[in-house]
Amino acid sequence: MIKQLKFKMLLFLGLGIGGIFLTNYLTDLQKEIIILQNEEIFSEKIEPIDYYANEIDGNVDAGYIYSEEDQPIIDKREQLLAAADNSKTIGIIVCFIFIFLSFYYYDRFSKEKKSSKSL
């Protein structure tokens, strides 16, 4: 029983930590694939027509202003890259669930170990 709990603890900890690194790598790869598949959207060079900066309660909001005909292309770029970021967020949440499961099995492992020593 103790060996099974130790195995599960280490398995979930490895899945959680390894999954975080794998999720980061796969998300970067996914973004590169999105850029390559939608080359016509990402290859166009779009020049901003103006720059803005606003200070609101000590925080600065700054960015570029683009022309009306360029805005749909920029929106499409942002949508495609946001989809990759959303999948990264979901992947990291799943990895943290694995890490918390390893803590659960560690707790059970330590309790089982203490009870077996007392016998």
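Here the structure is a predicted model, which is why all the values come from computation and not from measurement.
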> Of Ile20, Leu15, Leu13, which meets side chain to side chain contact (heavy atoms under 4.5 Å, CB included) against Ile17?
Replying inline: Leu13

> What is the minimum heavy-atom distance between Ser87 and Ala84, and which atoms define it?
Replying inline: OG-O, 2.7 Å

>> To check you understand the geometry: which heavy-atom pair defines the closest contact between Gly19 and Cys95, and what is its length?
In response: C-SG, 3.2 Å

>> Within the 4.5 Å heavy-atom criterion, are Lys6 and Lys3 side-chain neighbours or not?
In response: no

>> For the CD atom on Glu68, are there more than 12 heavy atoms of other groups (residues, nucleotides or ligands in this structure) within a distance under 6.0 Å?
In response: no

>> Once rounded to the nearest 0.5 Å, what's the spacing between atom CD1 of Ile34 and atom CZ of Arg77?
In response: 13.5 Å

> Any idea which heavy atoms bring Lys88 and Thr23 closest together, and the distance?
Replying inline: O-CG2, 3.6 Å

> When rounded to the nearest 0.5 angstrom, what is the spacing between CG in Asn38 and CD1 in Ile73?
Replying inline: 12.0 Å

>> Go through it in stages, so that I can follow the logic: the residues are Asn24 and Ile92, the test is side-chain contact (heavy atoms from CB on, under 4.5 Å), and I'd like the CA-CA distance, side-chain angles, deciding distance and then a yes or no.
In response: CA-CA 9 Å; Asn24 283 330; Ile92 289 178; 4.1 Å; yes

> Rounded to the nearest 0.5 Å, how far does CG of Asp85 lie from CD of Gln30?
Replying inline: 9.0 Å

>> According to a hydrophobic-cluster definition based on side-chain heavy atoms being under 4.5 Å apart (Ile, Leu, Val, Met, Phe, Trp, Tyr only), do Val94 and Phe96 belong together?
In response: no

> Atom CG of Leu81 and atom CG of Asn86: how far apart are they, to the nearest 0.5 Å?
Replying inline: 11.0 Å

> When rounded to the nearest 0.5 angstrom, what distance separates CD in Glu32 from CD in Gln37?
Replying inline: 12.5 Å

> Going only through I, L, V, M, F, W and Y residues with side-chain contacts under 4.5 Å, is there a path from Leu22 to Ile90?
Replying inline: no

>> Rounded to the nearest 0.5 Å, what separates atom CD1 in Ile33 from atom CG in Leu26?
In response: 9.0 Å

Distance-only donor-acceptor hits, side chain of residues 99-108, under 3.5 Å, sequence neighbours excluded:
residue, atom, partner, partner atom, Å
Ser102, OG, Ile99, O, 2.5
Asp107, OD2, Lys111, NZ, 3.4

